[in-house]
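Here's the structure, in structure tokens; my notes come after.
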Amino acid sequence: MWKTIASFLPDWLIIIQSLIIFLIPYFIWRFFIYIRERANIATIKQESENSQENTCNFTGNLNSDLKFIKKEIGHNSDVHFREFNIGNTGIHAVIIFIEGLSDKDLIDKYIMKSLMIDFSNENISAFMTEEGFNNIIKQQVLSISDVTNTQNLNDLVMKVLQGSTALYIDGSADVFILGTTKGKTRSIEEPISEALVRGPRVGFTEKLSENTAILRQQGNIKSLSFIKFQVGKRGNKDLVVAYIKDLANPDLIHEIEKRIKKIDIDYLPESGYVEQLIEDNYLSIFPQLQSTERPDRVISALMEGRVAILLDGTPFALIAPVTFSMLLQSPEDYYERWIPSTLIRLLRFLAAFIALLVPALYISFISFQPGLIPTKLAISIVGSREGVPFTVLLEALIMEVSIEILREAGLRLPKPIGPAMGIVGGLIIGEAAVNAGIVSPIMVIVVALTAISSFAIPEYNAGISLRVLRFMAMFCAAIFGLYGVILFCLFLCSHLVKLKSFGIPYASPAVPFNLNDWKDFIIRVPLMMMKRRPKMMKTKNSIRQK
Amino acid sequence: MIKSEEKITTTQAIVIVTNFILATGILTLPRTSVEKVKTPDVWITVILGGLIMIIAAIIMVKLSQQYPGKTFYQYSQEILGIWIGRFLSILIICYFITVSGFQVRSMAEVTNFFLLESTPLWAITMPFMWIGLYLVFGGINTIARMFEIIFPITLFFFILVLFMSFKLFEIDNLRPVLGDGITPVLKGIPATILAYTGPEIMLLLVAFMQQPSKAVKVVIIGTVIPMIFYVFLVVMVIGALSIEGVVVRTWPSIDLIRSFEMSGLIFERYESILLVIWIMQIFASFVISYYAASLGLAQLFRIKFNKIGFILLPIIYIIAMSSNNINELFKLGNMIGNSMWFLFLGLPLFLLLFTKLRGAKS
């Protein structure tokens, strides 16, 4: 009887294998959980540390308060303190501003002059109370538009460092903050990273107020709303969330606000920081927010019910949520007529496919399934590989890596040297490598084709992720051949369908299937047929045209 | 955050059912059915088998609709009490585990035979199952989205490849129609049932549907699509290889694709393409049965879903590897097909009648 039972029991080898099949993913899973928990603990710790904030209010005594202020920022060479008397009243006052950041012309003409010379005796009768005095100053003397008050030292310092001018009048704890900011900006230029043949030649600049103004200029959109946030604990920066009030889904805006408020970092040099701090899955290779320099792109995204995030100090705005198909689209698809745009879109999908899978398919065909391709081609490939000492994978890696190095090198070269390096790198090395017998000519064709295809993807960061994935695909193909490629595709698809960007499935509109949204996916139907906003965005008002 | 529905749409439900059905049957159905029928009327058998499955599926749907928002694992305890309900649920969980093991093994066998000849089975199986686990963790919505990607790709390629074999087709191989009467046709029906495993997922799926009232429509469309495809397949295979040719081949469908070449195109032979696409289809079947089993265990024993996923992994692997050769694997397949009569035709019918009678009483 034992024998019959034993014959049904699995072999010990199978039991060991089944342990392996359990343990490997289990440890990977535990590892990722561990990473995630660590990240959470770190943020909780930071939150508890940053709870205290010093509130230091003014007393109204100029001399003692000035000492305070000087202690805080007086050691800087670019901070100017100008003490004077108001008119002929003998009241002592001081203005504080930063050289270069504040508009000196404005300060001289409309603040100093008004306070020192234009201030006439006739008003003295109204000086009876402190409040009255401040009111007169604000309402009759200072002829500039942006005037606020503060009683807090930190606030004052913050504002002055941003270019405002502080006006402290002896006897009043209420300090005027005068908007005299005149930062350095550049003129509006065509965005270099997203050049178009047809479309507006306007790009964002580094100044937030100018960027919001550019967005306002895009058409008189009454419900275009901007919410301002302060981000960065040490280096404070403005961040604006832009959306269209009667279109964007309130849940989405709420979620974005929540995530931005969670940002707890010293300083944000670029919107890439915001992107990485608020994205859904930082372990994913795909970009979950779209960055763009083009105001027209931002506005059309807003019109679809999406939300834009603009940060001071960078021309790159972020668009959320984003789907994978958006990364293969260009604004030009809508500006050109629908037939060419559709074909170009198909071409881009093809390019994405080539950039991702062609080297892997090449490897699997040559080293595993040569019977699949036409016999003549197989013979010529094998013939051309004669004398190549490496395996197909190594051969492909040599070429792919050198192309990647070439691209990385070309990225940062000064413009006049760029083409020269392209010739040296692409033509000479490619030619020489074939002649030297390191790689086969067909390999060079494959690599060049994938490199060109990855340039055809309009979004730079999507291109990068495809480049990385290509190497993964190549390794899978080298291990399992065509089966490895299909496993890779299954894994990639599983990841894509799992991923979400702010609650929107990343793979939409492909899946979940939605006929309405397919009008603007692989093909771009004529504009008069696109009557609804994307359904996946769940906008408040879905009708685009009647 | 825009809340994505935790429920699945009607289209997604159809795609899930279809994807579950189309699996190993694509490669084996022509042989298993011809072995039993032995006349060219196999296509009638296939249609009849599909119709029986539709009836069974409608019964299962009707049963599930009595308990909105609940899966079989939950309502079976309500109908028959905790212990009998649990026992039945465990039977069905075992069924799903066996099915997923069967899918994995047949995938590994076919891959080993046609694509990777010297690669050991465990090396083929393990990455496949891990990816399945990764997808199962995403829940029913993610699985549904994945199936929506797999479904159009596979169906397109299958039909394309079948059409390419049209020049081998000879109508004489299909004649005479009903030459031996209806008896052999009826005899073959049990053999076709294995190819139709899939609609039983409705026992769970109805609970996740946005519109459970459309579930009947789902099973009808979801079963008719594979039925048409199977009929087409059987007709093409028999038409090209003839009855005698089909019986002697282990994988007649692949042999059909192997027997022609197209020159002047990028590819010359298509069986590898077909296999690669078929692997995606098997992956779909494997994942959904894996999900069904893990969901059942999670709901029965109130264990976290993720943990169950890990625990099931070695169990499915052992079941997949329990067959020593391909014939034992086919035997296992037959066992699955036979158990369906009881689990998914008899049992749901009994439960449905029981519920109705009890409802009438009270």
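Below, chain A is the first sequence line, B the second, and so on; all start at residue 1.
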Residue selection (most heavy-atom pairs with chain A, distance under 4.5 Å) from B:Gly138, B:Ala320, B:Gly132: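 Sorted descending by pairs with chain A, the first entry is B:Gly138.
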Sort out for me which of B:Asn306, B:Thr125, B:Ile273 touches chain A most, counting heavy-atom pairs under 4.5 Å.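 Looking at each option in turn, the highest pair count goes to B:Asn306.
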Please look at [X] and chain B and tell me whether the side chain, the backbone, both or neither of the residue comes under 4.5 angstrom of a heavy atom of that chain.
{"X": "A:Ile28", "answer": "neither"}
{"X": "A:Gln369", "answer": "side chain"}
{"X": "A:Ser508", "answer": "neither"}
{"X": "A:Phe368", "answer": "side chain"}

Donor-acceptor pair between A:His495 and B:Tyr134 side chains, under 3.5 angstrom: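 B:Tyr134 and A:His495 do have a side-chain donor-acceptor pair below 3.5 Å.
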For A:Gln17 and B:Tyr317, does a side-chain donor sit closer than 3.5 Å to a side-chain acceptor?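 A:Gln17 vs B:Tyr317: donor-acceptor pair found between side chains.
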Part of [X] lying under 4.5 Å from any heavy atom of chain A:
{"X": "B:Met129", "answer": "side chain"}
{"X": "B:Phe128", "answer": "both"}
{"X": "B:Ile315", "answer": "neither"}
{"X": "B:Phe147", "answer": "neither"}

At what distance, to the nearest 0.5 angstrom, does [atom1] of [X] lie from [atom2] of [Y]?
{"X": "A:Cys489", "Y": "B:Ile150", "atom1": "SG", "atom2": "CD1", "value": "11.0 Å"}
{"X": "B:Asn141", "Y": "B:Met146", "atom1": "CG", "atom2": "CE", "value": "14.5 Å"}
{"X": "A:Leu482", "Y": "B:Ser272", "atom1": "CG", "atom2": "OG", "value": "6.5 Å"}

Using the side chain to side chain contact (heavy atoms under 4.5 Å, CB included) rule, pick out the option among B:Tyr270, B:Phe158, B:Trp251 that qualifies with B:Ile257.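 Considering B:Tyr270, B:Phe158, B:Trp251, a side chain to side chain contact (heavy atoms under 4.5 Å, CB included) with B:Ile257 is found only for B:Tyr270.
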Run through B:Leu135, B:Leu133, B:Ile143 and flag the one making a side chain to side chain contact (heavy atoms under 4.5 Å, CB included) with B:Tyr290.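 Looking at B:Leu135, B:Leu133, B:Ile143, the match for B:Tyr290 under the side chain to side chain contact (heavy atoms under 4.5 Å, CB included) is B:Leu133.
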